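Side chains are part of it too, since the values below use all heavy atoms of this structure and drop only hydrogens, waters and symmetry mates. Order of the sequence lines sets the chain letters (A, B, ...), proteins ahead of strands, with each chain counted from 1. The model shown is predicted, which means the values in this text are computed figures rather than measured ones.
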Amino acid sequence: MNPTEIYDALSDLASQPFDDSIFPYDFALATDAAKATVDKLRKGATNRSDLPGGVLLSRRFHFAPAGGTEQATVDVVLEQLKASPRNKQAKPAILLTTDGTMLAAFHPASGESLHCPLDEMAKHFGFFLPAAGKERYRAVEENPVDVQATGKLAKLYDALIRHNPEWKNPSHTHIMNQFMMRLIFCLFSEDVGIFPKDQFSRLVLDYGGREGEALHIVLQAGFEAMNLPKDERSHLPDWTAPLEYVNGGLFAGDITIPTFDVTAFRYLKDACALDWKDINPDIFGSMIQSVADTGIRAELGMHYTSVPNIRKVIDPLFLDGLRSEVQKDWDKPAALQKLLHKLGHIHIFDPACGSGNFLVIAYRQLRELEMTILQRLATLNGNDTMELFSTIPIANFHGIECADFAAETAKLALFIAEYQANALFAERFGRAIAPLPLREAAHIVCGNALRLDWEAVCPPPGDGELVYIIGNPPFLGSTYQNAEQKADMAITFSGAVKNYKGLDYVAAWFFKAARYIQGRQAEAALVSTNSLCQGQAVNALWPDLLGEALEISFAHTSFKWRNNASHNAAVICIIVGLRNRPETKTTTILKRLFTGETEHQATNINAYLLDAPDVFIEKASKSLFGLPVMTYGNKPTDNGHLILSPEEKDRLLQQAPQAEPFIRRFMGSKEAINDLERYCLWIDDAELEQAKQIPPIAERIEATYAARLAMKDARNNQKLLDRPWQFREHDAPQNHAYLVPSISSERRPYLPVLRVKSDTISSNKNFVLYDAPEWCFALLVSRMHWVWSGTVCGRLKTDFQYSNTLGWHTFPVPTLTEADKEALKQSGRAIMRVRASYFDKSLAELYDPDKMPADLWEAHQANDALLEGLYNKGQPFTNDTQRLEHLFRRYAAHVAQSRKKQTTRKKRSTTKKQEG
DNA sequence: AATCCGACATGGT
DNA sequence: ACCATGTCGGATT
């Protein structure tokens, strides 16, 4: 259910006669619980409540009736609900009670409570969204008009599609969307006074026919008229004469109107009856899109940026600064006047604007600030002495969007935002501004942001002007980019960034933004996937992007993507602000580093989003510090045919007991960490003929061949086709191996490294040290290595994604004497011994931070103390920051030294050449 | 020839 | 449906 449906369901519920034995179940249904769930709840099977007449549905809500025999008031019952010990486990999102007249509810997560008459419950539907498993969203909550409007439009849309089935066709979606936009504009305009009051509604009612049969003809002529100045309408019916000429291209282009049936006609009349003047343009754009078909619904809703996240971009980028300027100049009229002038010369540019959310929010915030200044000036100077008008035109707002429906929505949304700000202005200062014909619209260009010249969309700032680039561009890893997107990347990066091909699509926006702002009165801040500041992307992108000229001005570190769409995109985001370095080295401007809710003032923010000097870790194919080479595991590329589940293994052995020597234990990350069983076929070349004699094995080899043949990456797989009885690598330990899971949870305080014997084969989900000296284990499971690899390797979401080239081969280690190695070996053995004493526990259990055994902790701490003593003259570090600082320092020193060596070598060779 | 990554993927509750 | 936590093989160097 989407918020609209929940709103409808709750208003239904509130209007029904109250019965406290039915109410909680109806409430469950209204808040999107499945029917089967409610049935179980009704039978009591899943009801966790301990209160009389209470109903507690896990994670959703806890209800208890008020009134009844004891005449308990809603307040008293709400307190009982809050006190219920059952909440601890079931974690209801909402507590509520009612006596049939009054309702009281509580939202434990925020501590907010609600008191209202039961029949007004739907009005506060936003409060109940958590009971439907949806995060609350203030703007929605405060504004039922948006929801009602969207609901009405959705019904109209559905009815039109039902009556005009061919419009469901993809070829018609565009004109359908356009039609809806134009309709919305008319509905809004006649309510806010852009059109004469009710002009459009009257048109619909007077000329639409009794059942809407003539409506398409009326709208056809009407919309055409709105696209023409009044003196160019001679070919149109006379009644179009009074219709306003709406500039701004809203009615330009193909005008095709669907036919209406009675139902569609009625929904349109409903929509006409609604008061559109209070709709919220910031989220309305996104909501309108949810009117369209469900595919688009999921897709678009998923990626629109919530207001709190937009604020994370625009507040640190420019609003906070402007606000403090206002505060500083609060008593200085001349300075405030100057500030007003500045506001009028700020340009906001969103090169991935979608339906314009960022632009609208930015616009509103600036107008709000402007009004604050004007009010203050009025107080200081007296009301009459000043001119009152807004210096912030929407023409200062620029955007690029590839979907033209969204681009049109953005224009409309900004127009509506402007109108609303003007209305507020008129209310506060008693002066109005004429709305039609539409003045300069916002500069929204429909096109591909990576092919367009940004300076043509948003001209570079002139004297006294400022440009702020903001937005949330699309994220797409290189594997997921299509041919066109790859071409976009090439156009953006070739010649400027060498290893751009592995970068995320979003990197292109960052790069263009960086180039745009360089050397200008301009700054940028964009939302990104966190992978842009992790792993190999750091060294691939950031040195070229920042160059000498730019720096990171502020950043939000990884946070989970969230908006109020029902299916949230699964991604972790960051926000990065870019600006020109101050001209003199001595001036440092504040750098803000946000982590969750906390803010930290940084001296520098590097491309890993750490308060540390700029470092870029480069991949290394062998250790820079003399450690053994770590290898990539055995990659199956087999569609599962070489791999056996325990059941498959048993079946195979039943069929062919002689297969036994060809079966080995097989481990990826998951198996290594959780001690799960899995097996694989392991056939040395010399044994091939023997293995092929076993029919089930021969079949699997055939199947692997077929699978490899069918795979996409034919060029890469050619060699694999020659030996379908083996994995791509064929590496097994002689004696032992250390497996480092490539992916593991970030919660564990140490990397879950596993030691295995020669009977175990590692998949490519682990990196492997084959037959390495034992002291290596002490390094792998040290906190030093945890910190280092966690920082410089990539992540999957926020979990560790280990890498040999980035994490192990770059891992700075002091020179170790034989005695050091022996001590480390013993210390590693001590850890192994403790682990062995918990032989029935997996690494996942042993290294669960909540359950980690004390003796294992102690063994690790001893290991850390020993190792860190070697790094730091016998002094272990006290925290991870110290550890990381030290490691970065060692890495930087190594890089500097090897560079020096290189230059001397080069010099020597050139001298030699000259001599020769 | 060898990896890094995922507006993910998927099992468990 | 959400939460926790790591498969798998494509695309790139």
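We find that CD1 of Ile572(A) is positioned 12 Å from P of dA7(B), with the value rounded to whole Å. Atom CG in Leu720(A) sits about 12 Å away from atom C1' in dA2(B), given to the nearest Å. Atom C1' of nucleotide dT3(B) and atom CZ of Arg728(A) are separated by 8 Å, given to the nearest angstrom. Between Leu796(A) atom CG and dT7(C) atom C1' the separation is 10 Å, expressed in whole Å. When the P atom of dG11(B) is taken as reference, atom CD1 of Ile673(A) falls 17 Å away, rounded to whole Å. Computed from coordinates, the Asn766(A) CG to dG6(C) P distance equals 11 Å when rounded to whole Å. Per the geometry, CG belonging to Leu476(A) stands 16 Å off P belonging to dC5(B), to the nearest Å. Here the C1' atom of nucleotide dT12(C) and the CG atom of Leu541(A) are 16 Å apart, to the nearest Å.
Between Ser803(A) and dC4(B) there is a side-chain N or O to OP1 or OP2 distance below 4.0 Å. The phosphate of dA7(B) (OP1 or OP2) has no side-chain N or O of Asn472(A) nearer than 4.0 angstrom. Applying the 4.0 Å criterion to OP1 and OP2 of dT7(C), one finds that Ser669(A) has a side-chain N or O inside that range. Under 4.0 angstrom from either OP1 or OP2 of dA2(B) there lies no side-chain N or O belonging to Ser621(A). At least one side-chain nitrogen or oxygen of Arg748(A) sits closer than 4.0 Å to the OP1 or OP2 atom of dG6(C). Using a 4.0 Å cut-off, no side-chain N or O of Thr479(A) falls inside it from OP1 or OP2 of dG10(C).
By the neighbour-count criterion of 12 heavy atoms within 6.0 Å, atom CD of Glu618(A) is sparsely surrounded, having that number or fewer from other residues, nucleotides or ligands.
At a threshold of 4.0 angstrom between heavy atoms, the contacts of Ser742(A) with the nucleic acid are absent. As judged by a 4.0 angstrom heavy-atom cut-off over every strand, Pro741(A) is placed among residues making no nucleic acid contact. Nucleic acid contact for Gln534(A): sugar-phosphate only, since backbone atoms but no base atoms lie under 4.0 Å from a heavy atom of the residue. Contact annotation for Thr805(A): backbone-only contact, meaning every heavy-atom pair under 4.0 Å involves sugar-phosphate atoms and none involves a base. When heavy atoms are screened at a 4.0 angstrom cut-off, Pro752(A) is found touching no nucleic acid atom at all. At a threshold of 4.0 angstrom between heavy atoms, the contacts of Gln481(A) with the nucleic acid are absent.
On a pure distance criterion of 3.5 Å, no polar donor-acceptor pair joins the side chain of Lys670(A) and the base of dG11(B). For Asp504(A) against dA7(B), no side-chain N or O and base N or O form a donor-acceptor pair under 3.5 Å. For a distance-only test at 3.5 Å, the side chain of Tyr632(A) qualifies as a donor-acceptor partner of the base of dC4(B). Judged by atom type and distance alone, Lys635(A) reaches the base of dT3(B) through a side-chain donor-acceptor pair under 3.5 Å.
If you check dG6(C), dT13(C), dG10(C) against the side chain of Met711(A), the one that comes closest is dG10(C). Ranking dT5(C), dC8(C), dC4(B) by closeness to the Leu806(A) side chain, first place goes to dC4(B). Closest approach to the Phe475(A) side chain among dA7(B), dT12(C), dC8(C) is made by dA7(B) (side chain taken as heavy atoms from C-beta onward). Side-chain atoms of Arg59(A) lie closest to dC3(C) of the nucleotides dC4(B), dC3(C), dT3(B). Checking dT5(C), dC5(B), dT12(C) against the side-chain heavy atoms of Lys765(A) singles out dC5(B) as nearest. Closest to the side chain of Asn764(A), from the set dG9(C), dC4(B), dA7(B), is dG9(C).
Of all the heavy atoms in Trp788(A) and Leu806(A), the pair that sits closest is NE1-O, 4.1 Å. Between Ser558(A) and Thr798(A), the shortest heavy-atom distance links the atoms CB-CG2, 4.3 Å.
Each of Cys573(A) and Phe767(A) was matched to the nucleotide of DNA chain B holding its nearest heavy atom; the match closer to the 5' end belongs to Phe767(A). Positionally, the nearest nucleotide of DNA chain C for Arg747(A) lies more toward the 5' end than for the other of Lys619(A) and Arg747(A).
Nucleotides dA11(C) and dA9(B) are separated by 14 Å at their P atoms, to the nearest Å.
Not a single donor-acceptor pair under 3.5 Å links the side chain of Trp786(A) to the backbone N or O of Leu780(A). Counting only distance, with no hydrogens or angles, the side chain of Gln481(A) and the backbone of Leu476(A) share a donor-acceptor pair below 3.5 Å.
dC8(C): Watson-Crick or G-U partner is dG6(B), with both key distances under 3.5 Å.
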Checklist entry - Between Asp684(A) and His730(A), is a side chain to side chain donor-acceptor pair (under 3.5 Å) present by the stated rule, with each step listed? => result CA-CA 8 Å; Asp684(A) 289 336; His730(A) 190 68; 2.7 Å; yes
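Within the 6.0 Å centre-distance limit, the rings of Tyr802(A) and His785(A) are counted as a close aromatic pair.
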